[in-house]
Number of protein chains: 2
Amino acid sequence: MWRTFLWASRLLHESLDRQLQRDARMPHTYYVILAMLSEAPDRSLTMSELARLVQSSPSRLSHAVAKLEAQGWVSRCKRPGDARTNLARLTDEGYAVLVEAAPGHVEEVRRVLFDHLSPEQVRQLQAIFESVLAGLTSGNGD
Amino acid sequence: MWRTFLWASRLLHESLDRQLQRDARMPHTYYVILAMLSEAPDRSLTMSELARLVQSSPSRLSHAVAKLEAQGWVSRCKRPGDARTNLARLTDEGYAVLVEAAPGHVEEVRRVLFDHLSPEQVRQLQAIFESVLAGLTSGNGD
DNA sequence: CCGACTTAGTTGAGCGTTCAATCTTCCCCC
DNA sequence: GGGGGAAGATTGAACGCTCAACTAAGTCGG
């Protein structure tokens, strides 16, 4: 059972990554960053907030946003009032890229996961990973 | 629900990777390679067979085995009868490393996943990812 | 037997992630 | 208000993975 899960989730992630890399020239992680920004007020978030939202280390996010900024999809600026915090903001171009990529990605998610699940299994999965996630985010430090 | 699964499985993989990196100085992928070899007859497999078993691309496996060989945990030799096929074999030292690493890894898997699951949920997960895996391995090319 | 195709595996460049180190700015307490 | 530490964020090196190109060995048809 463990191996079934291991192989399936590995292949699942790889499949998503490949599809996005092919269709939108970006890894899945970057897509998630854009998606999170797009849902935020003013399409902008501090690096820390964003890192928490995408479950990413500060370092990874910093590298990622640097790349995204180089592509012109995100812009960074200091936040007034606290010179430490940086605001990452989704540009119009970045938003356009996201809108372009979203349908294909959603369909891929459906294809590799949800098409194989009954509504009840979706609920089961939700319940399972809610508790797993809770365990990982809180009791992580052991 | 999708995000719950996404975050949880990402954190889960990262948690395993970190634990193994810390305790056994190797990524999870390498551990799986060693584990598969250890279960094979004569502790050896051809690169292709091994690649299929660990759901890895030939390239990744080749790189990985090269590293493992450099560490002295795996040895490679041509198979008699077909000079193309390479046999990867777990060395005694590699086996020792695996035996050393296994308990901690198993416990980590339990801690991050199975501790949060009821027996019924384990069955549910099995059923779900069996069909997901089937979809990914066969209909992949679409 | 010889050229074309297939199979097995490797290699190198480019990219994303990690880890540790660093830097700046803010906060708090004396 | 000045020093110590915490918070926010970045950097660079090392490493694993991907993709595409490539080598070498087997196979098969004429």
Side-chain angles (χ1 to χ4, degrees), chain A residues 10-11 13-34 44-71 73-89, chain B residues 10-34 44-71 73-89 140:
Chain A
R10 164 180 292 285
L11 288 178
H13 281 287
E14 285 173 2
S15 192
L16 294 184
D17 246 357
R18 247 194 300 278
Q19 180 266 327
L20 275 170
Q21 196 74 52
R22 176 166 40 79
D23 296 351
R25 317 293 272 180
M26 72 177 117
H28 183 236
T29 331
Y30 289 20
Y31 174 88
V32 175
I33 292 173
L34 297 188
S44 58
L45 288 166
T46 69
M47 298 300 278
S48 301
E49 288 166 342
L50 190 49
R52 268 189 290 278
L53 278 173
V54 304
Q55 300 286 356
S56 165
S57 68
S59 173
R60 167 162 64 192
L61 186 63
S62 198
H63 284 297
V65 171
K67 288 271 162 89
L68 290 171
E69 192 177 26
Q71 307 234 319
W73 297 343
V74 166
S75 68
R76 267 187 293 196
C77 61
K78 296 276 179 201
R79 174 208 259 168
D82 187 340
R84 288 174 305 177
T85 57
N86 266 1
L87 276 177
R89 174 172 180 164
Chain B
R10 165 180 291 284
L11 288 179
L12 203 153
H13 281 288
E14 284 173 3
S15 190
L16 294 183
D17 247 357
R18 248 194 300 277
Q19 179 266 326
L20 276 170
Q21 196 74 52
R22 177 165 41 80
D23 296 351
R25 317 294 271 180
M26 72 177 119
H28 183 236
T29 330
Y30 289 19
Y31 175 87
V32 175
I33 291 173
L34 297 188
S44 56
L45 288 166
T46 69
M47 298 299 277
S48 302
E49 288 166 342
L50 190 50
R52 267 188 291 279
L53 278 173
V54 303
Q55 301 284 357
S56 163
S57 67
S59 172
R60 167 161 66 190
L61 186 63
S62 199
H63 284 295
V65 171
K67 289 271 162 90
L68 290 171
E69 192 177 26
Q71 307 234 312
W73 296 344
V74 165
S75 67
R76 269 188 291 197
C77 61
K78 296 276 179 200
R79 168 157 62 189
D82 187 340
R84 289 174 305 178
T85 57
N86 265 2
L87 275 176
R89 175 172 179 165
N140 202 356

Peer 1: If you look at every heavy atom in Trp73(B) and Ala24(B), which pair is closest and at what distance?
Peer 2: CH2-O, 4.0 Å
Peer 1: Please determine, for the side chain of Lys67(B), which listed nucleotide (dG16(D), dT17(C), dG26(D)) has the closest atom?
Peer 2: dG16(D)
Peer 1: Looking at every strand, decide which applies to Asp17(A) at a 4.0 Å heavy-atom threshold: base, sugar-phosphate, or nothing.
Peer 2: nothing
Peer 1: Between the base of dT17(C) and the side chain of Ser56(A), is there a donor and acceptor pair under 3.5 angstrom?
Peer 2: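 No pair found.
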Peer 1: Does some side-chain heavy atom of Thr29(A) sit less than 4.5 Å from a side-chain heavy atom of Val54(A)?
Peer 2: no
Peer 1: Would you mind reading off the distance between His63(B) atom NE2 and dG9(C) atom C1', rounded to a whole angstrom?
Peer 2: 11 Å
Peer 1: In terms of the nearest nucleotide of DNA chain C, which residue is placed more toward the 5' end: Ser62(B) or Thr29(A)?
Peer 2: Ser62(B)
Peer 1: Applying a 4.0 Å non-hydrogen cut-off, can you work out what Thr85(B) is touching in the nucleic acid: base, sugar-phosphate, or nothing?
Peer 2: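 The answer is sugar-phosphate, as Thr85(B) gets under 4.0 Å only of primed atoms, P, OP1 or OP2.
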Peer 1: Just to be sure I understand the rule, does Glu14(A) reach a base, reach only the sugar-phosphate, or reach nothing, if contact means heavy atoms closer than 4.0 Å?
Peer 2: sugar-phosphate
Peer 1: In whole angstrom, what separates Leu61(A)'s CG from dG8(D)'s C1'?
Peer 2: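 After rounding, the reported distance stands at 12 Å.
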Peer 1: Send over the distance from Arg25(A) CZ to dG14(C) C1', rounded to a whole Å.
Peer 2: 13 Å
Peer 1: Taking atom P of dA20(C) as reference, at what distance in whole Å does atom CZ of Arg22(B) sit?
Peer 2: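 One finds 12 Å between P of dA20(C) and CZ of Arg22(B), rounded.
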Peer 1: With a 4.0 Å cut-off on heavy atoms, is Pro58(A) in touch with a base, just the backbone sugar-phosphate, or nothing at all?
Peer 2: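 Base contact.
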Peer 1: Is any side-chain heavy atom of His63(B) less than 4.5 Å from a side-chain heavy atom of Ser56(B)?
Peer 2: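 The answer is no; the side chains never approach within 4.5 Å.
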Peer 1: Give the rounded distance in Å between these two atoms: OH of Tyr30(B) and P of dT18(C).
Peer 2: 16 Å
Peer 1: Once you round it to whole Å, what is the distance between C1' of dA8(C) and CG of Asn86(B)?
Peer 2: 8 Å
Peer 1: Rounded to whole Å, please give me the gap between CG in Leu68(A) and P in dT17(C).
Peer 2: 10 Å
Peer 1: With sugar-phosphate meaning primed atoms plus P, OP1 and OP2, does Arg76(A) contact a base, only sugar-phosphate, or nothing at under 4.0 Å between heavy atoms?
Peer 2: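 If one applies the 4.0 Å heavy-atom cut-off, Arg76(A) turns out to touch the sugar-phosphate alone, with no base involved.
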Peer 1: Which comes earlier along DNA chain D counting from the 5' end, the contact point of Arg60(B) or that of Arg52(A), where each point is its nearest nucleotide?
Peer 2: Arg52(A)
Peer 1: Any heavy-atom pair between the side chains of Val74(A) and Leu34(A) that's under 4.5 Å?
Peer 2: yes
Peer 1: Taking the side chain as everything from C-beta on, heavy atoms only, tell me whether Asn86(B) gets closer than 4.5 Å to Lys78(B).
Peer 2: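 They are in contact (side-chain heavy atoms under 4.5 Å apart), so the answer is yes.
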Peer 1: Quick one: Arg18(A) CZ to dG16(C) P, roughly how many Å, whole number?
Peer 2: 16 Å
Peer 1: Has the side chain of Arg84(A) got a donor or acceptor that lies under 3.5 Å from a partner of the other kind on the base of dT24(C)?
Peer 2: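 Flag unset: no donor-acceptor pair detected.
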Peer 1: Could you check whether any side-chain heavy atom of Met26(B) comes within less than 4.5 Å of a side-chain heavy atom of Lys67(B), counting everything from C-beta outward?
Peer 2: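 They are not in side-chain contact.
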Peer 1: What does Arg10(A) touch in the nucleic acid at a heavy-atom separation under 4.0 angstrom: a base, only the sugar-phosphate, or nothing?
Peer 2: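 No contact at all - Arg10(A) keeps every heavy atom at 4.0 Å or more from the nucleic acid.
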Peer 1: Which sits closer to the 5' end of DNA chain C, Leu87(B) or Lys78(A), going by the nucleotide each is nearest to?
Peer 2: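 Nearest-nucleotide comparison on DNA chain C picks Leu87(B).
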Peer 1: Looking at every strand, decide which applies to Thr46(A) at a 4.0 Å heavy-atom threshold: base, sugar-phosphate, or nothing.
Peer 2: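 Since only primed, P, OP1 and OP2 atoms lie under 4.0 Å of Thr46(A), the category is sugar-phosphate.
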Peer 1: Hey, is the side chain of Ser48(B) poking within less than 4.0 Å of OP1 or OP2 on dT7(C), counting only N and O atoms?
Peer 2: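 Answer no for this pair, as no side-chain N or O of Ser48(B) is under 4.0 Å from OP1 or OP2.
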Peer 1: With distance as the sole criterion, do the side chain of Ser59(A) and the base of dT11(D) form a donor-acceptor contact below 3.5 Å?
Peer 2: yes
